[in-house]
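A short worksheet on the structure shown next.
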Number of protein chains: 2
Amino acid sequence: MSLRVLLADDEHLIRGALAALLALEDDLVVVAEAATGPEALAMALAHRPDVAVLDLQMPGADGVSVATSLRDELPGCRVMIVTSHGRPGHLKRALAMGVRAFVPKTVSAQRLAELIRSVHAGNRYVDPELAADAISAGDSPLTEREAEVLELAADGAPVAEIAERASLSQGTVRNYLSSAAIKIGAENRHAAVRLARERGWV
Amino acid sequence: MSLRVLLADDEHLIRGALAALLALEDDLVVVAEAATGPEALAMALAHRPDVAVLDLQMPGADGVSVATSLRDELPGCRVMIVTSHGRPGHLKRALAMGVRAFVPKTVSAQRLAELIRSVHAGNRYVDPELAADAISAGDSPLTEREAEVLELAADGAPVAEIAERASLSQGTVRNYLSSAAIKIGAENRHAAVRLARERGWV
DNA sequence: CTGCCCTTATGACAAATGTCAGAAGCGGAC
DNA sequence: GTCCGCTTCTGACATTTGTCATAAGGGCAG
């Protein structure tokens, strides 16, 4: 009985190539492919794979969202996230959502196949480098509201707009932004946004 | 006589998979692989491929830089850029550097093989969608200095720091940032940076 | 040669932002 | 029950930005 795999990646080139390589392993069979988040979900429900290999960035819904839905709707399916740019925040979020493995695309296909088997056997795996990043980034020092307001500041909106969107007074928004920037150690809110992003705090 | 190809991509998974798929085409042979910009350059000089397939984002030097060097040092080699996230600016820069094709990773391996042959035969190719983006984004309305200063503002640095790094007076920096923001139609420099990025102007 | 645009700069003013002190309500911890 | 931290607000102030007018020098096109 072979191991049924779902592949989801928006890059046709990579998905196809990957499918071809995994097909060389005779205990693995790719039963479905998807190019978008929603499609991945639908495919998973239709084909009930043993392991879902999801790209982190896909149109529609990212890998972590799909993992969340999958956990509820198809609990027997083990989920792996494969990514090119792994931010600590994504890792943390993914792990919280029950994702079993988080691997960078720099691994070889051989290794990926091993990891798929390992995950299917019930093991977990996180790329050591990504794990180190996540640990060194530490926990967010921001309160819930500080993080929320900082996020609204991300696209360079002026305080007035942030205040409106957050239903807060402008003074309050300025206080939050100020304290967030101080906690992060940034010169101003824009640098704070950038640093918080890098550390996976937003 | 088969067509010699160089593959450069920092993602081992993809590079390996791609190499395997291209090997299935009996008129193509992958003579070298590279994971970084400088490595790609060295490999190209050592193996003198007919076509170089470069990823846009690689550690060390991006695909366009490599293409620039290759044009000088190995003029007979046709260069193709393959990318996941194609920004209009990259396309323009790449074309100016003599790149023969600019394709998104959403194409199939089959199609990529066709394009490699086509490029080798002397044709050019640009993904229609990317081309449309580039055209609709239009030309940058920014002067050289405006763009330069805007770039220095990208990480949220205060005016004083930008002024120092650009060796300009603070007043001049504020003038440039102001006019750049006005030309772009942004509320402030931070939003301007974001929009300019999206449109490939920085 | 005369415009015109780019570069660089000043000074001045208005507006936005950052910082601080203080205060009130609310919920959880001890 | 009291204390502490989070949320929310106001008001005041200093600092930073954004905007505008104005100007001088350089380069290029007509």
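Note: hydrogens, waters and symmetry copies are ignored here, and every other heavy atom, side chains too, is used. Chain identifiers are assigned alphabetically (A, B, ...) following the order of the sequence lines, protein sequences preceding nucleic acid strands; residue numbering begins at 1 within each chain.
Between K105(A) and D9(A) a salt bridge is recorded (basic side-chain N to carboxylate O distance below 4.0 Å). Between E11(B) and R15(B) there is no salt bridge, since no side-chain nitrogen of the basic residue lies less than 4.0 Å from a carboxylate oxygen of the acidic one.
Because its NZ or CZ atom is both nearer than 6.0 Å to the ring centre of Y125(B) and within 45° of the ring axis, R111(B) counts as a cation-pi partner of that residue.
Atom CD1 in I162(B) sits about 15 Å away from atom P in dT8(C), given to the nearest Å. In this structure, N188(A) atom CG and dT17(C) atom P are separated by 11 Å, rounded to whole Å. Taking atom CG on N175(A) and atom P on dT17(C), their separation rounds to 14 Å, with Å as the unit. R174(A) has its CZ atom 10 Å from the P atom of dA16(C), to the nearest Å. In this structure, CG of L150(A) is placed 15 Å from C1' of dT17(C), rounded to the nearest angstrom.
The main-chain N or O of M58(B) is never found under 3.5 Å from a side-chain atom of D55(B) such that the two would form a donor-acceptor pair. Looking at N188(A), its side chain does come within 3.5 Å of a backbone N or O of A191(A) through a donor-acceptor pair.
In terms of position on DNA chain D, the residue among Y176(A) and Q170(A) whose nearest nucleotide sits closer to the 5' end is Y176(A).
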### Message
S2(A) vs D27(A), test: side-chain hydrogen bond (donor to acceptor under 3.5 Å, both in side chains). Steps then yes/no.
### Response
CA-CA 5 Å; S2(A) 56; D27(A) 57 334; over 6 Å; no

### Message
Let's go through T68(A) and S65(A) carefully: what are the C-alpha distance in whole Å and the side-chain angles of both, what is the deciding distance for side-chain hydrogen bond (donor to acceptor under 3.5 Å, both in side chains) to 0.1 Å, and is it a yes or a no?
### Response
CA-CA 5 Å; T68(A) 310; S65(A) 318; 5.8 Å; no

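At the phosphate of dT19(C), OP1 or OP2 sits under 4.0 Å from a side-chain N or O atom of S178(A).
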Taking only nitrogen or oxygen atoms into account, show me every contact under 3.5 Å that the protein makes with nucleotides 25-30 of chain C, one pair per line with its distance.
none

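Nucleic acid contact class of T172(A) (heavy atoms, under 4.0 Å, all strands): base.
Within the helix from dC1(C)-dG30(D) to dC30(C)-dG1(D), the inter-axis angle between the opening and closing five-pair segments is 30°, rounded to 10°.
Boundaries of the chain A contact region on DNA chain D are dT7(D) to dA12(D), first to last in 5' to 3' order (nucleotide atom under 4.0 Å from a heavy atom).
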